[in-house]
Amino acid sequence: MNLNKFNQVFPKEEGIFPYIYLANMCIPLFFMLREPTETLYPGLLLLLIFVIVYRQIFWSSKFLILFVVVELVITLVLSYFYDPLYLYIVFVFSYLMTRLQWKWLYWLCGSYAIFSLILIYQTVFPDHLILIVSFLPPVFGGAILPFIMKASLRYKELNEDLKRVAEELRIKSEEKERLEESKKRMLADLSHDLKTPMTTIQGYSKALYDNFVEDEEQRRRYLKYIYDKSIRVTDLIDELFIFSKLDNPDSLINKQEQDLCEFLRQLIVEFYEMFAEKEMELNIEIPSKRIVYSFDQKLFYRAISNILENTIKYNPLQTNVFISLKESKDLLVIEIGDDGTGIREDLAETLFEPFVRGDKSRMNDGGTGLGLAITRKIVQKHNGRVYVDTNPTRGSTNFIIELPI
Ligand code: ADP
């Protein structure tokens with residue numbers, strides 16, 4: 001074994017430069033150690049192979065082309081995973097390719113310096129003094145490496161920030177568009193919903209007024225139509241009014257301390273008949289003790305009855321309904337769930353937006369798409385949050401109201 005060759009890892013004439021390059025490995029290492037484990041280990045492994053290949057080239061120039069190819073592959077893989085390493089690794093690689101021709105190395109160093117200075121100017125140092133210092137032409141590329149790394153890291157961060165901001169903007173504008181669209185659609189539906197009962201009311205009342213209806217039975221039927229339609233109109237106006245009132249950040253609520261358990265029990269009793277009509281089975285878990293909480297009774301009644309009404313309206317006969325109130329260390333949790341129709345997961349969040357309805361085809365079922373939006377506004381006014389679990393452990397839908405204690 002040729003010990004001399006073994007000891008001489010790098011050609012003597014290159015002095016300490018190759019060692020400086022290797023020392024610079026701590027820079028990619030530093031970045032790599034900040035990566036999550038799933039990218040850290042493959043990165044470390046590739047880096048190790050990289051170093052071995054690097055050294056091997058000096059031991060055996062016979063396989064130079066092969067090693068260069070291997071190193072090119074590793075470079076590409078590494079640069080695919082780790083942006084800031086890209087410049088560094090490409091630099092080392094280029095050095096490797098040109099190490100036998102020093103004049104090319106200087107050219108390379110020069111172009112790297114110019115490129116990195118542009119990068120540094122754009123990203124890291126707005127401070128002109130540092131910029132002038134950085135302008136000193138690097139005799140050796142390694143001197144500029146930390147700057148390149150810093151710049152490229154900053155560049156990566158800026159890039160990620162930009163990407164994130166752009167993504168947030170995109171989501172926001174999409175959301176806005178969707179809401180606008182939904183509002184337009186709903187306003188059109190609302191005016192239609194208002195117009196239809198008004199036309200009916202006008203038609204029937206005119207017929208009655210002009211004495212066109214002689215049959216007593218028919219008269220009664222017409223009067224019932226008029227009454228029902230007027231109820232529909234007042235409901236619509238009522239919901240719109242409440243929503244716009246709650247939407248106003250200055251609107252005040254009238255909180256009073258009272259027993260939440262008793263309040264819920266009484267509310268359920270009021271809905272009992274409606275549940276019975278649809279043969280729904282109620283599973284209720286409300287503690288028998290008192291839980292005193294400060295809330296606006298009228299608004300809370302509205303918030304919870306909106307969910308209960310939906311449960312009755314949107315589910316088939318014989319649906320099981322689960323209502324519970326639980327108390328944890330810092331939260332009161334009201335859950336209203338069912339094992340009925342279920343709600344599509346992608347609708348879960350948007351259902352609480354005003355004018356959003358589950359199924360476009362059911363426009364004439366008397367809904368306005370404001371019920372859950374009103375519920376959310378009321379819960380928010382109590383500093384709580386309401387959301388729907390579309391995949392609960394029990395049943396198919398679970399509305400959860402969390403109230404801070
Ligand atoms: P509206 O009832 O006027 O349509 P809401 O805001 O109260 O408006 O409800 C929004 C949508 O949520 C409803 O159109 C319905 O599709 C869906 N929904 C609410 N509760 C349930 C439930 N328990 N099961 C299935 N769908 C529901």
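Atoms within a ligand are numbered from 1 in the order they appear, just like the ligands themselves.
- For Ala348, the side-chain contact (heavy atoms from CB on, under 4.5 Å) partners at least two apart in sequence or on another chain are Val388, Thr390.
- Numbered from 1 in the order shown, with element, the atoms of ligand 1 that lie under 4.0 Å from a heavy atom of Asn310 read 2 (O), 5 (P), 7 (O), 9 (O), 19 (C), 20 (N).
- Paired with Phe399 under the rule side chain to side chain contact (heavy atoms under 4.5 Å, CB included), one option of Thr311, Ile304, Ile343 passes, and it is Ile343.
- Where the criterion is an N or O separation shorter than 3.5 Å, residue side chain and backbone included, Asp338 meets it with respect to ligand 1.
- Here the two rings, on Phe295 and Phe263, have centers that are under 6.0 Å apart.
- More than 12 heavy atoms of other residues, nucleotides or ligands sit less than 6.0 Å from atom CD of Glu279.
- Taking any N or O of Tyr314, backbone or side chain, at least one lies under 3.5 Å from an N or O belonging to ligand 1.
- Checked options Asn306, Ile253, Leu246; the residue passing with Ile378 is Leu246 (criterion: side chain to side chain contact (heavy atoms under 4.5 Å, CB included)).
- Of all the heavy atoms of Phe352, none lies under 4.0 Å from any atom of ligand 1, so neither backbone nor side chain is involved.
- Shown in contact with Gly369 at under 4.0 Å from a heavy atom are these atoms of ligand 1, numbered in order with element: 1 (P), 3 (O), 4 (O), 6 (O), 8 (O).
- The shortest separation from a heavy atom of Asn306 to ligand 1 is not under 4.0 Å, leaving the residue out of contact.
- For Glu167, the CD atom sits in a packed shell: over 12 heavy atoms of surrounding residues, nucleotides or ligands are nearer than 6.0 Å.
- Proximity to Ile343 (heavy-atom distance under 4.0 Å) selects the following atoms of ligand 1: 18 (N), 21 (C), 25 (C), 26 (N), 27 (C).
- Residue Lys229 qualifies as open at atom NZ: its count of foreign heavy atoms under 6.0 Å is 12 or below.
- Atom numbering of ligand 1 starts at 1 in the shown order; those under 4.0 Å from a heavy atom of Asn315 are 23 (N), 24 (N).
- Atoms of ligand 1 found under 4.0 Å from any heavy atom of Gly342 (numbered from 1 in listed order, with element): 25 (C).
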